[in-house]
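Step one of this worksheet: look at the structure below.
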Amino acid sequence: MKRTLLITGGAGFIGSHVVRLFVNKYPDYQVVNLDALTYAGNLENLLDIQDKPNYVFEKGDITDEARIEALFGQYAFDGVIHLAAESHVDRSIMDPLAFIKTNVLGTATLLNVARQHWKGHEDGKLFYHVSTDEVYGSLGQEGLFTEQTPYDPRSPYSASKASSDHFVKAYYHTYHLPVVLSNCSNNYGSNHFPEKLIPLAIHNIKHSKPVPVYGKGDNIRDWLFVEDHARAIDTIFHHGRLGETYNIGGFNEWKNIDLIHLLCKIMDEKLQRAPGTSAQLITFVKDRAGHDLRYAIDATKLNTELGWSPSLQFEEGLEKTVAWYLANETWLDNVTSGAYQQYYQDQYNKR
Ligand SMILES: NC(=O)c1ccc[n+]([C@@H]2O[C@H](COP(=O)([O-])OP(=O)(O)OC[C@H]3O[C@@H](n4cnc5c(N)ncnc54)[C@H](O)[C@@H]3O)[C@@H](O)[C@H]2O)c1
């Protein structure tokens with residue numbers, strides 16, 4: 001079946017894996033990647049598919065209503081997979097309004113244009129909104145986030161994502177816009193911008209620089225390999241029920257400090273350093289404001305209803321990830337540009 005899909009944020013970390021999967025797996029689909037190419041967007045993530053006949057890149061901002069209108073007019077999309085967002089919690093603490101603009105206003109703009117274009121012929125259309133488990137707030141030592149967990153966002157990032165989720169559901173209930181949502185746990189894998197924990201640690205260990213760990217490293221996150229997230233999005237896009245939310249997670253909880261020690265061990269092996277060398281770089285820094293203690297996802301619904309489950313064990317995925325960063329030095333050097341250096345200075349040297 002032929003389809004024309006708009007994927008937003010396709011030059012980013014997760015978006016690039018989703019674009020690659022759809023372009024390669026569905027040669028009959030026309031995939032249009034709309035991305036503003038902020039600091040986090042990088043077309044080098046897509047060099048391997050950029051010349052495929054069923055792929056088009058459009059540079060543009062999701063808050064630009066006239067541009068979105070024009071793209072819907074030009075391509076007559078029948079599906080949207082919406083990933084474009086400001087995505088880094090620390091940056092949201094520095095500049096919350098940028099998050100409200102892109103994540104809330106940008107999502108509402110896309111919803112509104114889709115509603116107008118699909119009005120009266122919604123059959124076969126789908127607006128898929130990609131969201132995060134952070135909307136559910138923070139867990140204590142026990143329990144898991146289910147699809148019924150009430151929203152309790154606690155950072156400007158998670159508040160903006162929660163707000164965008166509410167708009168998606170409101171458009172479903174009010175206008176019968178065909179939507180589906182997913183809320184996923186922390187992703188890791190290749191092409192991850194090195195401001196986030198795992199690529200930042202790999203980058204610093206490689207260059208024998210201090211590895212910053214917030215507080216005592218007690219925060220717990222549930223990690224999922226990014227290609228497994230892309231597979232889940234594929235499954236939900238094709239088989240998810242309209243109006244539903246699906247939680248996506250790896251059933252894979254790690255305390256930050258334990259994860260960093262595992263990473264140090266893998267890096268020592270890969271770089272042929274004496275055991276314990278990389279761990280000496282671990283440096284505890286002042287905790288993030290309002291740092292959520294624990295996130296953990298119950299992905300049972302996605303597993304039992306749609307048959308999805310993660311494909312990789314964490315150690316295996318982390319080894320693959322480290323191997324990718326070590327083999328792609330140019331990618332890493334290119335993204336750790338001047339702007340990145342400034343951000344890094346501001347974030348970690350202000351204490
Ligand atoms: N990274 C995770 O662990 C994780 C987990 C769960 C959900 N998510 C969600 O998945 C999505 C993608 O996350 P990511 O980690 O790949 O983010 P990312 O920051 O790597 O990529 C975001 C992309 O969106 C683009 N973008 C930003 N603002 C834009 C705008 N105004 N208009 C058009 N494009 C814009 C950027 O250029 C970039 O390519 C986000 O919606 C995020 O909330 C991420």
Side-chain angles (χ1 to χ4, degrees), residues 6-20 32-46 57-65 67-68 71 80-92 95 97-110 128-136 145 153 155-165 168 181-200 221-230 232-233 236 245-250 252 295 297 299 321 335 340 343:
L6 171 65
I7 300 185
T8 70
F13 167 48
I14 301 170
S16 60
H17 287 276
V18 174
V19 166
R20 176 175 300 103
V32 178
N33 171 13
L34 171 68
D35 197 298
L37 298 182
T38 69
Y39 77 94
N42 183 355
L43 290 176
E44 279 185 49
N45 294 347
L46 293 165
F57 174 70
E58 294 278 358
K59 185 172 185 305
D61 193 312
I62 56 166
T63 63
D64 181 348
E65 190 179 0
R67 185 76 204 289
I68 307 296
L71 290 172
V80 175
I81 304 180
H82 172 39
L83 296 109
E86 290 290 344
S87 70
H88 189 39
V89 176
D90 290 333
R91 288 183 189 256
S92 82
D95 183 10
L97 291 186
F99 283 66
I100 296 167
K101 184 165 182 245
T102 286
N103 298 359
V104 185
L105 186 61
T107 302
T109 303
L110 286 167
Y128 183 154
H129 180 60
V130 175
S131 193
T132 167
D133 62 352
E134 300 191 29
V135 298
Y136 296 124
F145 296 133
S155 73
Y157 165 63
S158 54
S160 68
K161 290 297 291 188
S163 174
S164 67
D165 292 10
V168 174
L181 294 85
S182 58
N183 294 82
C184 187
S185 61
N186 278 34
N187 285 214
Y188 70 97
S190 61
N191 304 102
H192 204 181
F193 193 80
E195 63 187 353
K196 308 275 172 81
L197 182 69
I198 291 178
L200 175 71
R221 299 291 180 260
D222 174 359
W223 292 93
L224 180 68
F225 191 54
V226 63
E227 292 174 34
D228 280 334
H229 188 185
I233 289 173
I236 295 166
T245 290
Y246 294 88
N247 279 354
I248 311 173
N252 176 42
Y295 306 139
I297 274 279
T321 303
V335 296
Y340 171 78
Y343 161 78

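Whatever order the structure lists ligands and atoms in, that order sets their numbers, starting from 1.
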>> Using 30° and 60° as the class boundaries, would you call the ring planes of Trp223 and Tyr188 parallel, tilted or perpendicular?
In response: perpendicular

> For ligand 1, which atoms, with element, lie under 4.0 Å from some heavy atom of Val130?
Replying inline: 10 (O), 41 (O)

> Backbone N or O of Leu83 within a donor-acceptor pair of the Thr8 side chain at under 3.5 Å?
Replying inline: yes

> Below 3.5 angstrom, do we get any N/O pair linking Thr38 and ligand 1?
Replying inline: yes

> If we ignore angles and hydrogens, is there a donor and acceptor under 3.5 Å between the side chains of His129 and Thr107?
Replying inline: no

> For atom 27 (C) of ligand 1, which of Gly9, Ala40, Ala85, Ala84 has the closest heavy atom?
Replying inline: Ala85

>> Return the closest protein heavy atom for atom 34 (N) of ligand 1 as residue, atom name and distance.
In response: Ala36 N, 3.1 Å

> What atoms in ligand 1 come closer than 4.0 Å to a heavy atom of Lys161?
Replying inline: 40 (C), 41 (O), 42 (C), 43 (O)

> So, for Lys59 and Leu34, which heavy atoms are closest and what is the spacing to 0.1 Å?
Replying inline: C-CD1, 4.2 Å

> Going by the order shown, which atoms of ligand 1 are within less than 4.0 Å of some heavy atom of Ser185?
Replying inline: 5 (C), 6 (C)

> What do you reckon, does Asn186 have a nitrogen or oxygen under 3.5 Å from a nitrogen or oxygen of ligand 1?
Replying inline: no

> Looking at atom 42 (C) of ligand 1, what's its closest protein heavy atom, distance included?
Replying inline: Tyr157 OH, 3.5 Å

> Who's the nearest protein heavy-atom neighbour of atom 19 (O) of ligand 1, and how far?
Replying inline: Ser87 OG, 2.7 Å

>> For atom 11 (C) of ligand 1, what is the closest protein heavy atom, and at what distance to 0.1 Å?
In response: Leu83 O, 3.2 Å

> In the protein, which heavy atom is nearest to atom 32 (N) of ligand 1, and how far is it?
Replying inline: Ile62 N, 3.0 Å

> Relative to the heavy atoms of Cys184, which atoms of ligand 1 are at a distance of less than 4.0 Å?
Replying inline: 5 (C), 6 (C)

>> Whether the side chain of Asp61 engages the backbone of Ala36 through a donor-acceptor N/O pair (distance < 3.5 Å, no angle test) should be reported.
In response: no

> Ser185 side chain to Gly249 main-chain N or O, any donor-acceptor pair under 3.5 Å?
Replying inline: no

> Which protein heavy atom lies closest to atom 13 (O) of ligand 1, and at what distance to 0.1 Å?
Replying inline: Ile14 CD1, 3.8 Å

> Are the side chain of Ser163 and the backbone N or O of Ala159 linked by a donor-acceptor pair below 3.5 Å?
Replying inline: no

> Do you see a donor-acceptor pair shorter than 3.5 Å between the side chains of Glu86 and Tyr157?
Replying inline: no

>> I want to know if ligand 1 touches Thr102 in the polar sense, i.e. an N/O pair below 3.5 angstrom.
In response: yes

> When you look for heavy atoms under 4.0 Å from ligand 1, do you find them on the side chain of Tyr188, its backbone, both, or neither?
Replying inline: neither

> Do you see a donor-acceptor pair shorter than 3.5 Å between the side chains of Ser16 and Asn191?
Replying inline: no

>> Test of understanding: given a 4.0 Å heavy-atom threshold, classify the contact between Asp61 and ligand 1 as side chain, backbone, both, or neither.
In response: both

> Side chains of Arg91 and Tyr39: donor-acceptor distance under 3.5 Å anywhere?
Replying inline: yes

> So which protein heavy atom does atom 7 (C) of ligand 1 come closest to, and at what separation?
Replying inline: Ser131 O, 3.1 Å

>> Heavy-atom pairs closer than 4.0 Å: do any link ligand 1 to the side chain of Leu37, the backbone, both, or neither?
In response: backbone

>> For a quick test of reading the model, state the closest non-hydrogen atom pair linking Phe145 to Asp133 and the distance between them.
In response: CE1-O, 3.8 Å

>> Check Glu58 with Arg67, please: is the shortest side-chain N to carboxylate O separation under 4.0 Å?
In response: yes

> Does Phe13, backbone or side chain, put an N or O under 3.5 Å from an N or O of ligand 1?
Replying inline: yes

> What residue and atom, counting heavy atoms only, is the protein's closest point to atom 38 (C) of ligand 1, and at what distance?
Replying inline: Asp35 OD2, 3.6 Å

